[in-house]
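Scroll down for the structure; my scribbles are underneath it.
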Amino acid sequence: MSNFEYLLKIPAYEKFASTCVKAENQAKSEPVESIELCVKALNLAMHWVYETDNKLNKISMLSSKINILSNSCNFISEAVLKNVIAKDIAEKIEFIQSTKDKIIYRDPSTVKEEEALKCLEYLFDFIQWIETTYGVNENPKTFKQDLVENDTIWSDVSISNASNTIKKWFK
């Protein structure tokens, strides 16, 4: 069970559902990968919004920006979308994008699980905004951090003593 698994059952969300699930599955074991997948899922979901919302779609096509805009940061900075998305959701989108940008400029080994979890939570909030705004689900869900896959079995095992630990398990 995961926070995003239910999305896989909604055909309208097939473009971004599996990427959301993958991001959640990586949060504790590979936080950098999780954040990158959050951004990818966010981009796919943002494209979904533009494709679904006729008003946004028409305005974007008229301005020809839909072909230029390749990531969520560009999408959210577009004035048209800022008038549609609530300020708190826009800030969460910007947080996800800025977190990924920080990864580019620092040692990936310093990225913490908490950063990936925050990005996941904010991605979840954006998906809930989509659901309530576009009528797919009028009962928003709450992100539950305890549903995020826990890989604690390996948390105290270093590479150097992993084989000794495995040997102990199988004695």
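Numbers for residues simply follow the sequence, beginning at 1.
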| task | Go through Leu42 and Ile93 one step at a time and tell me if the side chain to side chain contact (heavy atoms under 4.5 Å, CB included) criterion holds. | result | CA-CA 8 Å; Leu42 183 64; Ile93 291 169; 3.7 Å; yes
What distance do [X] atom [atom1] and [Y] atom [atom2] have between them, rounded to the nearest 0.5 Å?
| X | Y | atom1 | atom2 | value |
| --- | --- | --- | --- | --- |
| Asp125 | Glu91 | CG | CD | 12.5 Å |
| Gln145 | Glu114 | CD | CD | 8.0 Å |
| Lys141 | Thr132 | NZ | OG1 | 11.0 Å |
| Cys119 | Ile103 | SG | CD1 | 7.0 Å |
| Gln26 | Glu33 | CD | CD | 5.5 Å |
| Lys102 | Thr110 | NZ | OG1 | 11.0 Å |

In the structure I gave you, are the side-chain heavy atoms of [X] and [Y] within less than 4.5 Å of one another anywhere?
| X | Y | result |
| --- | --- | --- |
| Ile127 | Phe143 | no |
| Ser34 | Leu120 | yes |
| Phe124 | Glu24 | no |
| Thr99 | Tyr122 | no |
| Val39 | Leu123 | no |
| Glu94 | Gln97 | no |

| Does Asn3 reach the main-chain N or O of Lys144 with its side chain, forming a donor-acceptor pair under 3.5 Å? | yes
| Lys15/Glu51 salt bridge by N-O under 4.0 Å criterion |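 Counted as a salt bridge, because a side-chain N and a carboxylate O are separated by less than 4.0 Å.
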| Any salt bridge between Glu115 and Lys112, counting N to O under 4.0 Å? | no
Closest heavy-atom contact between [X] and [Y]?
| X | Y | answer |
| --- | --- | --- |
| Ala116 | Ile35 | CA-CG1, 3.7 Å |
| Ala45 | Ile130 | CB-CD1, 3.9 Å |
| Trp48 | Ala12 | NE1-O, 2.8 Å |
| Ala90 | Ile85 | N-CG2, 3.6 Å |

| query | Do Lys118 and Phe95 meet the cation-pi criteria used here (NZ or CZ under 6.0 Å from the six-membered ring centre, within 45° of the axis)? | reply |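 No; the conditions do not both hold, so Lys118 does not lie above the ring face of Phe95.
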| request: Could you state whether Tyr6 and Leu37 fall into the same hydrophobic cluster, counting links through intermediate Ile, Leu, Val, Met, Phe, Trp or Tyr residues with side-chain heavy atoms under 4.5 angstrom apart? | output: no
| request: Give the C-alpha distance, both sets of side-chain angles, the deciding distance and a yes or no for side chain to side chain contact (heavy atoms under 4.5 Å, CB included) between Ser18 and Leu8. | output: CA-CA 7 Å; Ser18 64; Leu8 297 170; 4.1 Å; yes
| task | If the plane angle is over 60° it's perpendicular, under 30° parallel, otherwise tilted; pick one for Phe16 and Tyr13. | result |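 Tilted, since the angle between the ring planes falls between 30° and 60°.
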| request: Assess whether side chain to side chain contact (heavy atoms under 4.5 Å, CB included) is satisfied between Val49 and Trp129, documenting all intermediate values. | output: CA-CA 11 Å; Val49 168; Trp129 173 83; 4.1 Å; yes
